[in-house]
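The structure appears below as structure tokens.
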Amino acid sequence: MEEDFLLLNPGPVPITDEVSQAMDQPMVSHRSAAFEAVYERAQDGLDYIFEQSTLDGSSTATAAGGTSLILNGTASMGMEAAVANLVGDGGHVVALVNGKFGRRFARIAERYADVTRVEVPWGESIPLEDVRAVVTEETDVVTMVHNETSTGLLNPVAGVGEIAAEYDARFVVDGVTSIGGDVFELDEWNVDVAITDSQKALAAPPGISAMYVTGEVEEHLDGESAPFYEDLEWHLRKADSHQTPFTSAVPLFRAMAVAVEDIVEETMPTRIARHRRQAEAFRAGFTAMGLDLFAAPTGETELSNTVTAVSLPDAVSGDDADDFFDGITERNVSISGGQGHLGGTIFRVSNMGGLPDAAILRGVRTVGEAMADAGVDVDVAAGVDAAEAELDAE
């Protein structure tokens, strides 16, 4: 009997029936009290996630607090909004790049300011001394991706935030595949603006995103310098009454409200621990069967706890990768290949959201079987056993 479809891509991730059903309710006006109640529910849940993503549940809110905003667009909109509201003509941005999304942040910033890139090959660690060498008193903003989805690396936000604070630069962090699934500390890491997406660790449908703007950074915002749709001063004013400046995607906001309430119920400490345990299981399973992880972090950089990137063996790399990926599809599972120049070089799996442990084991088994069918010498049983041992570990 064919197994149910299993989505293991690093976004969109599976959503619960309750989240899906929330979108089926009768339509209401985006200017109604009913919608405002939905926005408030979502905002309350996001406040918890942004401010209390710690292993002990402690708050990391800054002294001035902050505001969670829901944007009618994906996280790329949030990335642009953050930069555009904080720099104008002649401004200086330092952009850290070691993957696709760090590069995207740099490309966005280059439309608004003079940008200095701190760039290393995708999958390599960014040396903090290289960052310190280019951030100056003239730097307005430092941009960074916390969890680089394209390579499976967890970048050293704490260290970079310390450098940004030393030079009084605003620190903007893409937490798209970490927030809602891993530790994120606003105050301790000197984060001014944090951005995440609905369809990643929050486990909501794609199409909207969320941003946390600290109280300390509000005085630095200039909505007039930003695109009309991304004026954060306007978004903040409307958020005070649980509204957005423009027509909201009502069904997606409803889904987001349910998704974040599920996270509040699970609690962030439990959710973080689960994500870390499942990521360890993926890593243990793939290496035990004979595969190599793509990245080898050094210094303060670590492997991601929400996205695992694995190098494709020579027998299924390049033009031969289709044999492997076809084998995955035939087993009713979806995973992702490499992005950009990493296409045909790696595959990526996600454990974001609310996946049960059985899904992790099935993912390991499916990869092993597809590899074997494509002619790669792997020990599928050893991989599944190693993954199961990690999942069973206390």
Side-chain angles (χ1 to χ4, degrees), residues 1-21 147 149 152 176-182 197-206 255 258-259 262-263 265-268 270-289 291 293-294 303-310 324-337 346-373 378-394:
M1 185 176 70
E2 184 176 72
E3 295 179 277
D4 290 340
F5 176 67
L6 175 60
L7 182 63
L8 292 179
N9 297 87
V13 305
I15 61 175
T16 66
D17 290 343
E18 291 75 18
V19 169
S20 180
Q21 290 162 6
N147 195 81
T149 316
V176 166
T177 51
S178 60
I179 294 170
D182 208 347
D197 230 337
S198 58
Q199 81 273 19
K200 306 291 187 176
L202 298 184
V258 175
D262 288 343
I263 295 174
E265 182 177 357
E266 182 180 13
T267 77
M268 279 308 303
T270 300
R271 194 174 183 85
I272 292 167
R274 175 171 58 77
H275 278 82
R276 292 187 170 190
R277 179 171 52 82
Q278 291 180 339
E280 286 285 0
F282 265 145
R283 293 193 287 264
F286 294 138
T287 55
M289 73 171 61
L291 302 176
L293 301 180
F294 170 66
L303 289 170
S304 167
N305 293 307
T306 60
V307 179
T308 301
V310 181
F324 164 66
F325 287 108
D326 288 347
I328 298 292
T329 302
E330 289 167 2
R331 290 167 170 80
N332 215 19
V333 175
S334 179
I335 66 173
S336 292
I346 66 173
F347 73 84
R348 295 171 300 135
V349 294
S350 159
N351 56 293
M352 285 182 283
L355 289 173
D357 288 350
I360 307 302
L361 294 176
R362 181 179 168 194
V364 172
R365 171 173 55 82
T366 297
V367 165
E369 291 174 349
M371 285 282 180
D373 285 354
V378 290
D379 190 336
V380 181
V384 173
D385 288 346
E388 192 164 22
E390 289 293 341
L391 292 171
D392 290 342
E394 291 295 330

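If you read the sequence from its start, that first residue is 1, and numbering goes on from there.
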How close do [X] and [Y] get, heavy atom to heavy atom, and via which atoms?
X	Y	answer
V364	A281	CG2-O, 4.5 Å
A201	G181	CB-N, 3.7 Å
A370	G327	CB-C, 3.9 Å
G383	A288	CA-CB, 4.1 Å
A279	S304	CB-O, 4.1 Å
P14	L355	CG-CD2, 4.0 Å

Gap between atom [atom2] of [Y] and atom [atom1] of [X] - 0.5 Å precision:
X	Y	atom1	atom2	result
D262	L202	CG	CG	11.0 Å
M371	M289	CE	CE	8.0 Å
E390	D385	CD	CG	12.5 Å
T149	R348	OG1	CZ	7.5 Å
F282	T306	CZ	OG1	11.0 Å
I346	T308	CD1	OG1	11.0 Å

With side-chain contact (heavy atoms from CB on, under 4.5 Å) as the criterion, how do R362 and N332 come out once you've worked through the C-alpha distance, each side chain's angles and the decisive distance to 0.1 Å?
CA-CA 11 Å; R362 181 179 168 194; N332 215 19; 3.9 Å; yes
Any idea how F324 and F347 line up, ring-wise: parallel (<30°), tilted (30 to 60°), or perpendicular (>60°)?
tilted
Examine distances only and state if a side-chain atom of H275 and a backbone atom of G353 form a donor-acceptor pair shorter than 3.5 Å.
yes
Do any N or O atoms from the side chain of S198 and from the backbone of P205 form a donor-acceptor pair under 3.5 angstrom?
yes
Would you say that [X] contacts [Y] through its side chain, given a criterion of any heavy-atom pair below 4.5 Å between the two side chains?
X	Y	result
V367	L291	yes
V176	K200	yes
Q21	V258	no
Q199	N9	no

Test side-chain hydrogen bond (donor to acceptor under 3.5 Å, both in side chains) applied to E280 and Q278, R283, R276, the passing residue
R283
Pick from N305, N147, D182, D197: which one makes a side-chain hydrogen bond (donor to acceptor under 3.5 Å, both in side chains) with T177?
N147
Kindly determine whether V333 and E3 satisfy side-chain contact (heavy atoms from CB on, under 4.5 Å), including the steps that lead there.
CA-CA 9 Å; V333 175; E3 295 179 277; over 6 Å; no
